[in-house]
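Working notes, beginning with the structure itself.
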Number of protein chains: 2
Amino acid sequence: MPAEDPTTATLRRFNRTYTQRIGALDESFLGTGRPLGISRVLYEIGPQGAAVRDLRDRLGLDAGYLSRVLARLEEDGLVAVRPDPADRRRRLAVPTEAGRAAWQDLEARSERLARRLVAPLTARQRDRLTQALATADLLVRAATVHLREVPPTDPAARAAADRYIAELDRRFPRGFALDGPDTEGTFVVATSDGEPVALGGLRDAPEAGPDVGELKRMWVHPEWRGAGLGSRMLRHLEAMAATRGHRRLLLDTNGTLTEAIAMYDRAGYRRIDRYNDNPYAELFFSKDLDV
Amino acid sequence: MPAEDPTTATLRRFNRTYTQRIGALDESFLGTGRPLGISRVLYEIGPQGAAVRDLRDRLGLDAGYLSRVLARLEEDGLVAVRPDPADRRRRLAVPTEAGRAAWQDLEARSERLARRLVAPLTARQRDRLTQALATADLLVRAATVHLREVPPTDPAARAAADRYIAELDRRFPRGFALDGPDTEGTFVVATSDGEPVALGGLRDAPEAGPDVGELKRMWVHPEWRGAGLGSRMLRHLEAMAATRGHRRLLLDTNGTLTEAIAMYDRAGYRRIDRYNDNPYAELFFSKDLDV
DNA sequence: GGCATTCTCTGACCTTAGTCAACGATCTGT
DNA sequence: ACAGATCGTTGACTAAGGTCAGAGAATGCC
């Protein structure tokens, strides 16, 4: 084993503290007269309801087991399970009035326990704790984001591209619009709990040379900025480009996107002259990939 | 329910992230061919061994259940349980050679999982995560510290007082020594996992007035400083003094203890003239309690 | 239109984790 | 030396949580 890593040591120490002290937050689900597993499923269904499929994914449960838990919740009159009209193999679990009340109760218990935990802290320390946990939350979530390569038609890629376009439209003085959805190149979507949180596209740019690629649609969900998702996406795209035989990457961007520009600078991209007639682009970058 | 509290909201959000992602650290104990509970006990016993009593406290297990788990570990040749020579009611669990190897394996699994979790982060982000988790760890531990009032003879109070004395002896240019152990007044010991982490003493000071008390032996474990334990101790002592009928508190301290002095200032203590002949004291404070 | 796949449910089965009370051995204070 | 407390073990019992294979209904894909 290599020399002790301070990050894993801290993480593991925190894990111990956590399971001993905050872990009790789960136990707030006890004492409701229902077993923990049942409460967890009820809580996960939430006041709006959820698809059985999603519950299974989110909670990591066996299909048979979950089915039984749902039957029990239905029997207790807390949840109604009915087929999804859009795909009648699927089923949706929707809380009844009583179910929503039980959910509220779980919510209140959890909140109470959290309060009791932080009660001994002064306001200043509470702020520090909030800060620290929010940072840790963002980084841990960012670290467990899932990157996958998809065609331009992928629904997650489309959804992310739409958000990208909407954001540029908001930020650019004269708005932003595209002719139609992307059809060219390959996209990389980063998802967390199924939600797209970052996007990046790579296309061949034969007009600029035989082994040149171009990056497009680089976008990170606003709530996820500052966690290094952008540079991770960039590294992933560069590795992808290298395996596709590209030796140089181009990209263009707008002067208002200062965070992105700083990231490109940090990642070793150099500013070059205009190489296309994109009316929204003001800055142009290039990077040589050392294959 | 009052307006949403950002601390509990962050804590609860983090709790979700945590159970879904880091929580898997526990699951690293699975896949060893042993059930989770057994592995947890084995891990807690550690390479040095542990008293059965302590295991029960640390893991919060039922005596009967733990007894059976230990029997199973003994049967598997991983642990030897033998009576504690010092008190033959107690028993000690000591790992065998195979047990130490199994413990190493658990350790390695946990480390591997922690590494995999932080692997996607850059060095900079890893530093930020380490920082954030260390802060959160300290604050959460500080929040769950247990304060209790004890007589001067209490072993935890004695242990903390000894550390206090040793530290002053190290920090004062001409050292520090006492005639004998404290016998007067009431102590408040803060413990975490059974370890004393902070100390404070309160005595009547009739020589200074009928309703005057004096604080003594204020000490916070060096690793626990900056988490507000000192001011929490102070508040506890003040409340205690108020119920004892004191309306004014005195304390003395040495100029080298700058953190403590800053804390007294913050807590509303005012500097006064020397009120005793303590040769180690250079600064003197007083605070009126509003009862 | 037919075949493979997806989604959920059901039955059969099992381990794990835990509780509770009774009991014997041992220690502590007086 | 003895009453009372502490420590751990044992027997009897239970709920919780989970696995696995098979089946039926619905859908997607060519």
Side-chain angles (χ1 to χ4, degrees), chain A residues 19 23 26-27 29-45 49-76 79-94 151 153-155 194, chain B residues 19 23 26-27 29-45 49-76 79-94 151 153-155 194:
Chain A
T19 42
D26 280 341
E27 280 152 39
F29 283 8
L30 294 172
T32 57
R34 270 182 291 280
L36 185 58
I38 307 269
S39 290
R40 259 203 287 255
V41 171
L42 177 60
Y43 188 73
E44 197 65 37
I45 290 172
V52 170
R53 184 67 238 240
D54 292 351
L55 291 175
R56 235 178 20 237
D57 286 349
R58 292 210 293 262
L59 293 165
L61 296 178
D62 173 80
Y65 180 42
L66 178 58
S67 178
R68 254 174 280 264
V69 168
L70 287 172
R72 163 92 185 264
L73 283 171
E74 198 154 23
E75 197 180 294
D76 292 355
V79 164
V81 185
R82 51 180 175 68
D84 182 345
D87 176 346
R88 296 206 322 285
R89 288 172 305 183
R90 287 164 179 262
R91 307 194 73 199
L92 302 175
V94 185
T153 52
D154 179 84
Chain B
T19 43
D26 280 342
E27 281 153 37
F29 283 8
L30 294 172
T32 57
R34 269 182 289 283
L36 185 58
I38 308 271
S39 289
R40 259 203 288 252
V41 171
L42 177 60
Y43 187 74
E44 197 66 35
I45 290 171
V52 170
R53 186 67 239 240
D54 293 351
L55 291 176
R56 229 168 35 227
D57 286 349
R58 291 210 293 261
L59 294 165
L61 295 178
D62 173 80
Y65 179 43
L66 178 58
S67 180
R68 254 175 278 265
V69 168
L70 287 173
R72 162 93 184 262
L73 283 170
E74 198 154 24
E75 198 178 295
D76 292 355
V79 163
V81 184
R82 52 181 176 65
D84 182 344
D87 178 344
R88 298 206 321 285
R89 288 172 304 182
R90 288 163 177 265
R91 307 193 74 198
L92 302 174
V94 185
T153 51
D154 179 84

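The sequence lines fix the lettering, A, B, ..., with proteins before strands; numbering per chain opens at 1.
Protein atom CG of A/L70 is 13 Å distant from nucleotide atom C1' of C/dC7, rounded to whole Å. If you measure from atom CZ of A/R90 to atom C1' of C/dC9, you get 16 Å, rounded to the nearest angstrom. Atom CZ in B/R53 sits about 14 Å away from atom C1' in C/dC27, given to the nearest Å. To the nearest angstrom, C1' of C/dT8 lies 16 Å from CZ of A/R82. Across the protein-nucleic acid pair, B/R91 atom CZ and C/dA25 atom P stand 13 Å apart, rounded to whole Å.
Annotation: side chain of B/D84 is not in contact with side chain of B/V52 (no heavy-atom distance under 4.5 Å). Counting heavy atoms from C-beta on, the side chains of A/L61 and A/V69 never come closer than 4.5 Å. A heavy-atom distance below 4.5 Å is not found between the side chains of A/L73 and A/V81. Between A/R34 and A/L42, the closest side-chain pair of non-hydrogen atoms falls below 4.5 Å.
Counting all heavy atoms, side chain and backbone alike, A/I45 lies closest to A/A93 at CG2-O, 3.6 Å. Contact record, B/L55 with B/E44: CD2-CG, 3.7 Å, taken as the closest heavy-atom pair. Considering every non-hydrogen atom in both B/R88 and B/P83, the closest pair reads O-CB, 4.3 Å.
Note on the helix from C/dG1-D/dC30 to C/dT30-D/dA1: angle between the axes of the first and last five pairs equals 40°, rounded to 10 degrees.
Within the structure, a side-chain polar atom (N or O) of A/R56 is placed less than 4.0 Å from OP1 or OP2 of C/dT8.
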>> Within the 4.0 Å limit for protein heavy atoms, which parts of nucleotides 16-26 of chain D are touched? Write it as a string from 5' to 3', B for base, S for sugar-phosphate only, - for none.
In response: SSBBB-----B

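Listed for the A/R72 side chain is no donor-acceptor partner under 3.5 Å among the backbone atoms of A/I38.
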